[in-house]
There are 2 protein chains.
Amino acid sequence: MKKISARARDMQASPIRKLIPYAVAARKKGINVFPLNIGQPDIPTPAPIREAIRNFDQEVLAYSPSQGEDFLVESFSGYYQKNRIDLAPEDIIVTTGGSEAIFFAFLTICDPGDEVIVFEPFYTNYNGMAFETGVTLKAITTYAEDGFQLPSVETIEKAITPKTRAILICNPNNPTGTVYSKKTLEDLAYIAKKHEIYIIADEVYREFTYDGLVHTSILQVEGMSQLAILIDSISKRYSACGARIGVVASKNKAVMEACMKFAQARLSSPTVEQWGARAGMMMDPDYFEPILEEYQRRRDAVMAGLAKAEGVVCKTPTGAFYVIAKLPIKNADKFAQWLLTDFNHNGDSVLVAPAAGFYATPGMGLDEIRISYVLEVHKLEKAMEALAEAINQYRKIEEAEDSAPKAQEANA
Amino acid sequence: MKKISARARDMQASPIRKLIPYAVAARKKGINVFPLNIGQPDIPTPAPIREAIRNFDQEVLAYSPSQGEDFLVESFSGYYQKNRIDLAPEDIIVTTGGSEAIFFAFLTICDPGDEVIVFEPFYTNYNGMAFETGVTLKAITTYAEDGFQLPSVETIEKAITPKTRAILICNPNNPTGTVYSKKTLEDLAYIAKKHEIYIIADEVYREFTYDGLVHTSILQVEGMSQLAILIDSISKRYSACGARIGVVASKNKAVMEACMKFAQARLSSPTVEQWGARAGMMMDPDYFEPILEEYQRRRDAVMAGLAKAEGVVCKTPTGAFYVIAKLPIKNADKFAQWLLTDFNHNGDSVLVAPAAGFYATPGMGLDEIRISYVLEVHKLEKAMEALAEAINQYRKIEEAEDSAPKAQEANA
């Protein structure tokens, strides 16, 4: 008897979480392991959101409408208008996190075997959602040396086949921290219109841009209203990952009608958090100013730390709260494990995400790691000091192994 | 350009909700429309659950673990032990409602094109989840005349093909209110073992049995530990549909490991409600006594009302809070619409769910409706009085139409 399906067997387990047992063991040995591996912000969830949840006073915790509570859909619409993004309440469906928004988008525009172009390294959960919906992700590689900017229009067009239904971007980008310029988005719009494919734009990090950079939404690009599908979430924006409140939105009526059928099949998103989310969407945008300053300081602390290691390739990213660093080592998987099993610097070590898990192309990203900067600056500084020291040490270990393979075998 | 996918086009829209615009219009005309169409209980969500939600005091509303919070998984395990169902914490994954539990179960044991046997009429959302995962539901019909009990072992075995991976049951049943006996479950277990297929048992109405009937879980049937997958939810049990907290559970390690990969892909279920759900699972089972008495009174009110209409076939159901009634009319779809557009009894009318939407076989259930009894008894009595009167009236209208087709055409 076949116990599980082929797709369950082949489904990727979370690549970010596999190092956790080693981190637990290191902590048991008394090592202070700084978590640089996760996308869970440490910034407190804003008080208005927490208060709205605490003030939920309905006697029956009932289903909300499948589209989301009217008041929340309207709050989202108001938030988008403030951000010069034209989305009416009827263009918006509340989803159970951004994950479900991607799931609905894939189901709505792709049949099994259809293709969606992504730029690697990319957010690993796109893999999971593509896998569950039978969508083939076609990955175009971007490079640390270019700050992970998108390749030329010609390069992207070469990846388009008759089965291509969309290009999926994450802007600002997880895992690279790259923010795409208006010109880049216009290039993508040109391709979308020419080839009649959608742009699915995951803009959950919209507010998180640094150095004065202004974010451009795909819906602000001319002629894209019928070809753009927006993925959004309050998770990162309001440090509310556990609320599981996201959005799928489009001006394309056929797309939204189809999404609505999938929304009905899962009945509704959690009700109490919709009250919390409304409180968030109605907050003054000033809320972000000190938070962005804090994140920019953190990014700078990460970059300063990386500069202390020799041979790291990493252009300063301008958005989200991630950095992909290309290291002067061969195997970041082993390095990340070694950090937890064999290394400490004054009792400190770090948990990082090896970047190979963010690539679809086998063999890519083996010398890269993703660093999340969701720790306070003074902790990040200590973490990066340990990481820089570790890079310098591990590089020498790899070199020694390379130059003395026989000695090693003799010892084995 | 193909705007949406073939599967989005073919996905069924919610059959329960399509009458709502007519109900809205009837209410605008001043008619008191009793909702007998939904599964949203009116019983207040227990105070401990609402208090636990209000007392949520974490500064960061963070992701919960993909498996669910440890405390909740342990609370569920404790609840199952109290119900003589042997499930350890590691056998349990918290899901975003029972809907997601079904989704994970289908993904885990079925590849696209694989078959799951269901008994029609069945809960329509099974269709949605099957459709999204490419699973073919093979429906075996059950009948009002038999109280919608399952057919013989031989009849069920005839539906098994090499592609059959499971039999899916809902016990107590939505939409029929039928509770399966221990003997019926043993018959299913016999089939499962003989053909090496799973039983997926949706037991979200576990507590809702009447007339002193004791519910048997599939996990209480001998030899089923490796072949049973349990679907559960707090939605109905604690009138907490909006919490979106369910469970998928199995003693089969391979199944749970696979489910965990799908759980990781959507990150986590909502965090705040997990605190609420724990408070529910820890409540004394005495909580249910007055509630069951109330639901039993409601069921009796529904049955008394149906007895006032001539020619209705409906055996008294013993569980959940639904009744499927076979009416002496030809087209329950038109009847349900007529109830809202052309009928009232002392200013009252009712919103019911035509049952054809609960059948997979075309043409089945056309003369049936589902009645939910989630209204207080005095309201239900008025609602059923109106419904009985409507059945008697509509029957005559259909008869008149049948006997005078030419006169009608002449009038047109």
Side-chain angles (χ1 to χ4, degrees), chain A residues 1 3-9 11-14 17 40-45 49-50 53-54 56 59-64 66 96-97 99-100 107-112 114 125 128-129 132 134 196 239-244 252 254-255 258 261-262 264-273, chain B residues 1 3-9 11-14 17 40-45 49-50 53-54 56 59-64 66 96-97 99-100 107-112 114 125 128-129 132 134 196 239-244 252 254-255 258 261-262 264-273:
Chain A
M1 176 196 179
K3 281 196 171 168
I4 60 168
S5 62
R7 62 179 160 194
R9 184 195 62 213
M11 174 86 179
Q12 187 185 26
S14 168
R17 296 177 188 218
Q40 168 63 58
D42 63 323
I43 304 278
T45 310
I49 294 179
R50 287 183 286 151
I53 289 171
R54 272 199 297 273
F56 181 81
E59 205 179 30
V60 181
L61 178 43
Y63 288 122
S64 61
S66 296
T96 308
S99 312
E100 192 180 63
L107 283 174
T108 292
I109 62 169
C110 298
D111 283 305
D114 282 348
N125 278 353
M129 296 299 150
E132 288 180 6
E196 293 192 317
S239 293
C241 299
R244 314 309 298 126
N252 184 314
V255 165
K261 293 198 274 185
F262 296 114
Q264 285 177 344
R266 60 65 161 134
L267 303 173
S268 70
S269 286
T271 300
V272 176
E273 278 85 349
Chain B
M1 179 198 178
K3 281 198 173 168
I4 60 167
S5 62
R7 63 179 159 194
R9 183 194 64 213
M11 175 86 179
Q12 187 186 24
S14 168
R17 296 177 190 219
Q40 169 63 59
D42 63 322
I43 304 279
T45 310
I49 293 178
R50 287 182 287 149
I53 288 170
R54 272 199 297 272
F56 182 81
E59 206 180 32
V60 181
L61 178 43
Y63 289 121
S64 61
S66 295
T96 308
S99 313
E100 191 179 63
L107 283 174
T108 292
I109 62 168
C110 298
D111 283 306
D114 281 349
N125 277 355
M129 296 299 151
E132 289 180 6
E196 294 192 317
S239 292
C241 299
R244 315 309 298 128
N252 185 314
V255 165
K261 293 198 275 184
F262 297 113
Q264 286 177 344
R266 60 62 161 137
L267 304 172
S268 70
S269 287
T271 300
V272 176
E273 277 85 349

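Heavy atoms only: backbone and side chains are in, while hydrogens, waters and symmetry mates are out. In what follows, every chain begins at residue 1, and chains take the letters A, B, ... in the order their sequences are listed.
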Going through the checks in order, is the side-chain contact (heavy atoms from CB on, under 4.5 Å) test met by S269(B) and R244(A)?
CA-CA 7 Å; S269(B) 287; R244(A) 314 309 298 126; 5.8 Å; no
Proximity breakdown for [X] and chain A, heavy-atom pairs closer than 4.5 Å:
{"X": "R7(B)", "result": "both"}
{"X": "S66(B)", "result": "both"}
{"X": "F56(B)", "result": "backbone"}
{"X": "D114(B)", "result": "side chain"}
{"X": "P112(B)", "result": "both"}

Nearest heavy atoms of [X] and [Y], plus distance in Å:
{"X": "P41(A)", "Y": "V60(B)", "result": "O-CG1, 3.6 Å"}
{"X": "K261(B)", "Y": "M11(A)", "result": "NZ-O, 2.8 Å"}
{"X": "Y63(B)", "Y": "Q40(A)", "result": "N-OE1, 2.9 Å"}

At a heavy-atom distance under 4.5 Å, which candidate from S239(B), C110(B), A240(B) has the highest pair count against chain A?
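Of S239(B), C110(B), A240(B), C110(B) has the most heavy-atom pairs under 4.5 Å with chain A.
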Residue from T271(B), T96(B), T45(B), I53(B) scoring the most non-hydrogen pairs under 4.5 Å with chain A is T45(B)
Name the member of [options] that forms the most heavy-atom pairs with chain B at distances under 4.5 Å.
{"options": "D111(A), I109(A), N125(A)", "result": "D111(A)"}
{"options": "G128(A), A254(A), S268(A), A258(A)", "result": "S268(A)"}
{"options": "E59(A), R9(A), R54(A)", "result": "E59(A)"}
{"options": "V255(A), I49(A), L107(A)", "result": "L107(A)"}
{"options": "G134(A), A265(A), C241(A)", "result": "C241(A)"}

